[in-house]
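One structure is given here, and the rest of the page talks about it.
Numbers restart at 1 for each chain; the letters A, B, ... are given by sequence-line order, proteins then strands.
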Amino acid sequence: MTVVTANTGTTRAESFTVRASAETNRAALCLYARRLVSWYEIAMSNNLSRQALDLDAPWISQDTLSVEPHQIVAPDGSYDPDDVPDLTEEAFLDLYRWMLFEKRYAERMVKLQRRGELGTFGSSRGHEASIVGSGYPLQDSDWLLGMGRETMAMLQQGVSLRDMILFWRGVDDAQQFLAQENCMIGISVGGYLPLVTGIGWGMKRMDADAVVTAHFGDGATSTGASHEAINFAGVLDIPAIFYCQNNQWAISTPFEKQTNANSIAQRAIGYGVDGVRVDGNDVLAVHAAMTEARELASQGNPVIVEGLTYRRGGHSTNDDPSRYRDDEERETWIDRDPIERYERFLQSEGLWDRVDRETLLEGIDEEFDAAHEAADAYGPRDVEEIFVHLYDEMPPALEAQMASFGEFLETYPEMDEHVDRRPKG
Amino acid sequence: MTVVTANTGTTRAESFTVRASAETNRAALCLYARRLVSWYEIAMSNNLSRQALDLDAPWISQDTLSVEPHQIVAPDGSYDPDDVPDLTEEAFLDLYRWMLFEKRYAERMVKLQRRGELGTFGSSRGHEASIVGSGYPLQDSDWLLGMGRETMAMLQQGVSLRDMILFWRGVDDAQQFLAQENCMIGISVGGYLPLVTGIGWGMKRMDADAVVTAHFGDGATSTGASHEAINFAGVLDIPAIFYCQNNQWAISTPFEKQTNANSIAQRAIGYGVDGVRVDGNDVLAVHAAMTEARELASQGNPVIVEGLTYRRGGHSTNDDPSRYRDDEERETWIDRDPIERYERFLQSEGLWDRVDRETLLEGIDEEFDAAHEAADAYGPRDVEEIFVHLYDEMPPALEAQMASFGEFLETYPEMDEHVDRRPKG
Amino acid sequence: MNATIIEAINDSLTTEMERDDRVMVFGEDVAENGGVFRATEGLKERFGADRVVDTPLSEIAIVGGAVGLALYGLRPVAEIQFSGFLPPAFDQLVTHASRIRWRTRGEWSAPLVVRTPYGAGVRALEHHSESLEGAYGHVPGLKVVVPSTPHDTKGLLNAAMHDPDPVVFLEPKHIYRSVREEIPDDDYEVPIGEAAVRRVGEDVTVISWGAMMEPTLEAVAELGVDADVIDLRTISPLDRTSIVDSVKKTGRAVVVHEAARSGGWGGEIIATINDEALMYLEAPIERITGFDVPVPLLSMEDYYLPHPPRIAAGIERVLEY
Amino acid sequence: MNATIIEAINDSLTTEMERDDRVMVFGEDVAENGGVFRATEGLKERFGADRVVDTPLSEIAIVGGAVGLALYGLRPVAEIQFSGFLPPAFDQLVTHASRIRWRTRGEWSAPLVVRTPYGAGVRALEHHSESLEGAYGHVPGLKVVVPSTPHDTKGLLNAAMHDPDPVVFLEPKHIYRSVREEIPDDDYEVPIGEAAVRRVGEDVTVISWGAMMEPTLEAVAELGVDADVIDLRTISPLDRTSIVDSVKKTGRAVVVHEAARSGGWGGEIIATINDEALMYLEAPIERITGFDVPVPLLSMEDYYLPHPPRIAAGIERVLEY
Ligand SMILES: Cc1ncc(C[n+]2csc(CCOP(=O)(O)OP(=O)(O)O)c2C)c(N)n1
Ligand SMILES: Cc1ncc(C[n+]2csc(CCOP(=O)(O)OP(=O)(O)O)c2C)c(N)n1
Ligand SMILES: [Mg+2]
Ligand SMILES: [Mg+2]
């Protein structure tokens, strides 16, 4: 052991060994992060034994804990039949349709955006299993606050596709319709997690048969708000599920620059909640974990569920990922496509016969077309919209601002030239 | 496993077992927190094995990790000679004197406050080993940002006792003198931890032979600022030591209401840094852990060190702990007095003969008296003090405010009646 | 009952919790300890640990948690121990509390109260003496209330708890125990957004709020001037009518506030007078305020505070212009 | 070189990093990606990963980390991706950055720059369009700068990086790429705290800053009025002299800002005119500002913004009073 006698200035460092194993582990993590080898392999080899260190105190480090990701169906489609959740055939097929829907939705939305019909759009390509598996086990009474990359989970709660289009068009009313289904999209990353804790606290206080889910990304876990929210939930036994879609990127920031920890799931240890990492490209594993998560949460055990997946496209339509990451990495993840894997599963289960992919896609496209039309048909809104709904009762000064702006618009029609977007869906 | 097929509304919960072991563990933790049994016993029994649960996913929870506190000298004074750090006799005796100093300082300060000589004061009674053991291994080039309950650690860095008295008198200049020794007291709990990370980042950038230490309480660990700071340090390999004096209370909030986790040390897992819990009433254990911590940190491994101790008095002189905690609990901790334990150690080592407790105390009292006198003699400060030092160059509007206030004071001597405290030490 | 401000707060919380089971009180040290100023004393014993809750040291989660509770239909009253510790939660106010009704077009709302003691003069440590009402008042969607008497304190806090929108309730801790008056037992309201005229006069309008009302009234009394003294009580929404009507009558105005001068709420008041009563002004409006510096530590804080002589001098300047 | 505002920022950072090895640039997506607006493009390649650093998504630690770096003698330039994400770090500004020199009586200081794009008009999502300069300007110890031209942008950013005290540098992202002009190659300074007179006239003073300068100048040009047009450039410390001198000459004033009206910086400007030029006023000062609401989402944001017709109408009202 090293002894430093500070006040005399003498340092006897002779016996201190550089922490070789920590370095080794770090290197493995970076490898992992750089995805030059499969994350499955690395994740499974996390349990690197620490080299004998000349440290006397019982330090805990990344080596102390091994987080095994939960996987039911392997990338090649193989699985142990005993592990398969006991779902009805309809449910198995339903999961497939939802995943296809998420994929198709993202493709169509990107196209709409390119045509100038949306402000911006954040594609979920690659997250299909993570989104669908995490949303499916939720109940009607549950609440879901997300960040925009969990559309089908919201649709499962009752949100309409039209409203998602309106949302990305910057039509204020969209969040009204989401709220009607107990959903919200929080744009400030991580900042809505305390609300989730509060909602769950309300459920607990009211003894409601419901849980609240936060959907958020790996980036969000670095915010102070997320920390306070989860720790708080742990102390107060709040029925909340913190579902992290760890897609390994926050815009251009890779997971290994987001935290030096090996997983987000292990944060659970620090909060006294339960946590699990699942293969976010394995819809059955996500579904199984979220089902358990919901049970745990309803019993007052808040949980962190980390779905490990990959953002195949840019962060949003404004983003150009070629600036900061390799195509090679992306290729690797194409091979791990969640939908294709699940197709292989359905084949093995003999359910594939019951799937007519083309018809499904047609149906989805029709739904999308209808939603698109409905969004286009969404009535023009009055300019007053920007003043109302801030307060239950509008304060006099704001009334005055609204009135005089109304007069102004009548008196100065030239204002029209400066209004780029018409206030309709 | 439970299967919830949300969209049909059927829940087949038959096979779900209530998480009995988690409950057992929670109960043990509460017991621990309520200190009805010794924390040593509980801490050692953390490794409760989880009962077989009907959960399929590999959940990690408090049962997954056992954090063993580092202890060298047991409360009864017994120890294994092999574990004793290799310090000089002078250093062993030095540690004793510092602990006695911290204790005496706190007693004298409480008296000064009762006499109306200080604004308020936060006593460190009970923390002596934690403070002295954590400060002693630091080097001159190191920085230390604390929260006010780590005086001797600051004195070891060169801060003078007079300035601590000035600090608690609300004399602005005190923090100037602290800063000259690379120390600061941050009153907003947890909020200064990002500064610590930044300072350490600077050390790394400048390749300095130095580390930065944050001293903070268990309460601080619930702040978002502490989370962002430590996680950030982990990512950037910053030479920072986060030393948590877990005295199990944040004013009236006991540790088990601060977090549902069993320890603060285990947060390290979630940040990818190293962590250790030490018996904060065992000065040798704290010293040993901080010595290792400093080595780790200098190599770019930020660490969390948690010293588990107990705040024997009120939070501050404004606080009345009888409102929220039992005397019984306090009694338990009197038996675990860090100084008495160390005295037993010195006796066993045959060093006690070299200690003349009375003479030491006299010396300390003399030092305190001198500091007290120096504080009283601290010159009167000019009213301008409230305007200067905000900017390097005072902006015109502020100059004008200062000038007109100066004129005002000359013109309106009745203002004097409203000035309760004279602007001197 | 006869009550101080701190007792009025306690009484208001008790009355409201009795009346409305949805009301929940939480924050640091509010339950077992009854609050560091004893504002919540006895509530936990009376209403139970489900409704009066000690939280972790987490200002972000306290305020954000209040928003969430409100969304779920509860009536949260969160305490921030000192207003100097509200800035960590500023984002929760700006990004969620103030605009969740707006974001959801009225579908959701955040009827919550954030109570926090503000202001200097109690000889505390750094960050225990701030007045940042100007920053909160600038956030659209937030109501900002600052009482100055026990009667108003209970009436305004009652109103805040009845209010369908979020209220930041800044308590003048310096006078928590220095004034005492009779207050009704019931859940009466002092309406949010209405100023009170504390003294009627012809020669000058003096506008202040919270802990500054006391030295303001003292200065007016000592000078013996014939002043309209307005206690704003609510910073936002601002009662412009009371201000403008008075200035139209007196032609002169003084604003007194404890916060730093530049960017403080005094600017908004002057702008209001400019908007609607400029041509009535016979002298520039005086701002008697804290200086553009952080509140000095306790040994010097009295130099920072607008004490009566400084207020009196300002009133004289305006009258003599 | 001939540069847009965004290029001027990049050039300023490059110039300064070249000159001063202590300068470090960090924030979310600034290194590999060169910033979401490309303000920091090429810096990492040029100055290395030690000086240009991608951080976790941690606004508190970005701003607080900048304070710490500055304390250790570095010259941090932190980027907050959008000003709507600065509120999470508000406490770091209020509690540390603004007052660490003051706290340590000049022993330590925090020479840092927090750069952040502010304002509406780029069709982004919620929280991407805010203007909160009023709240930051109210914090004693913070300097708040808002440039409106490429030349000023580089000169002010240079000055901010040379400044011994913390500067919040609000970048008008709406006009990041819409104006272009010649800027010097060196590390010239445009002094912080000095307004610029963009147009000299006799009849009315029009005061604005940042992204609002463009519609303001457009309105003045369209109206063909003889106006003094002042570009504040610095919100705090405020260049009171330029404002007062101009109003003394013209007797009429209009303030244009994008932030919400109540509690916005317009109040401070009006208070300044009240203090020193009240008796010169021939009409109430007009505030043409954002309304007292959050910035509407993209489909409606144009109704919120002070566009030239609204500014022109305000100028006319003042002239016709
Ligand atoms: C508080 C905050 N800071 C910065 C941003 C800008 N921003 C939007 S999304 C994003 C990355 C989010 O990454 P992650 O949480 O991993 O979610 P993902 O987009 O990968 O699904 C950033 C930095 C923001 N919206 N909010
Ligand atoms: C951000 C913030 N919130 C609240 C407070 C009020 N306060 C001062 S000390 C304290 C408890 C601190 O507890 P802990 O961190 O455990 O330190 P200890 O006093 O026990 O040493 C509180 C709530 C504060 N100073 N800062
Ligand atoms: Mg991500
Ligand atoms: Mg503590």
Tell me, side chain or backbone of [X] under 4.5 Å from chain A's heavy atoms, or both, or neither?
X        : answer
C:Leu112 : neither
C:Arg51  : side chain
C:Ile62  : both
C:Ser109 : neither
C:Asp239 : neither
C:Val63  : neither

Between A:Gln180, A:Lys204, A:Arg205, which residue shows the highest count of heavy-atom pairs closer than 4.5 Å to chain C? A:Arg205
Among A:Gly191, A:Ala229, A:Ser188, residue most engaged with chain C (heavy-atom pairs, under 4.5 Å): A:Gly191
Chain C heavy atoms under 4.5 Å from [X]: which part of the residue, side chain, backbone, both or neither?
X        : value
A:Phe177 : neither
A:Ile230 : neither
A:Val388 : both

Taking all non-hydrogen atoms of both residues into account, name the closest pair between C:Ser58 and A:Phe232 and its distance. CB-CD1, 4.2 Å
Closest heavy-atom pair and its distance - C:Glu107, A:Ala179: CG-CB, 3.6 Å
Should we count [atom1] of [X] as having more than 12 external heavy atoms under 6.0 Å?
X        : atom1 : value
C:Tyr280 : OH    : no
A:Glu393 : CD    : no
A:Asp209 : CG    : no

Spacing of [X] atom [atom1] and [Y] atom [atom2] [to the nearest 0.5 Å]:
X        : Y        : atom1 : atom2 : value
C:Tyr72  : A:Leu195 : OH    : CG    : 14.5 Å
C:Ile100 : A:Leu390 : CD1   : CG    : 12.5 Å
A:Met206 : C:Asp50  : CE    : CG    : 12.0 Å
A:Leu236 : C:Phe26  : CG    : CZ    : 9.5 Å
A:Leu178 : C:Trp108 : CG    : CH2   : 8.0 Å

Heavy-atom check, side chain of [X] versus side chain of [Y], under 4.5 Å:
X        : Y        : result
C:Arg101 : A:Asp392 : yes
A:Tyr391 : C:Lys143 : yes
A:Pro194 : C:Val67  : no

side-chain contact (heavy atoms from CB on, under 4.5 Å) assessment of C:Trp102 paired with A:Asp172: CA-CA 9 Å; C:Trp102 174 91; A:Asp172 311 57; 4.1 Å; yes
Any donor-acceptor pair under 3.5 Å from A:Gln175 side chain to C:Thr104 backbone: no
Checking C:Arg103 against A:Met184 for the side-chain contact (heavy atoms from CB on, under 4.5 Å) test, could you report, in this order, the C-alpha distance in whole Å, the side-chain angles of both residues, the deciding distance, and whether it holds? CA-CA 9 Å; C:Arg103 176 182 304 142; A:Met184 188 191 94; 3.4 Å; yes
Run the side-chain contact (heavy atoms from CB on, under 4.5 Å) check on A:Trp201 and C:Leu74 step by step: do they pass? CA-CA 10 Å; A:Trp201 193 1; C:Leu74 282 303; over 6 Å; no
As an exercise: rank [options] by heavy-atom pairs under 4.5 Å with chain A and give me the winner.
options                     : result
C:Met24, C:Arg105, C:Arg240 : C:Arg105
C:Ala66, C:Ser98, C:Pro164  : C:Pro164
C:Gln92, C:Arg99, C:Glu59   : C:Gln92

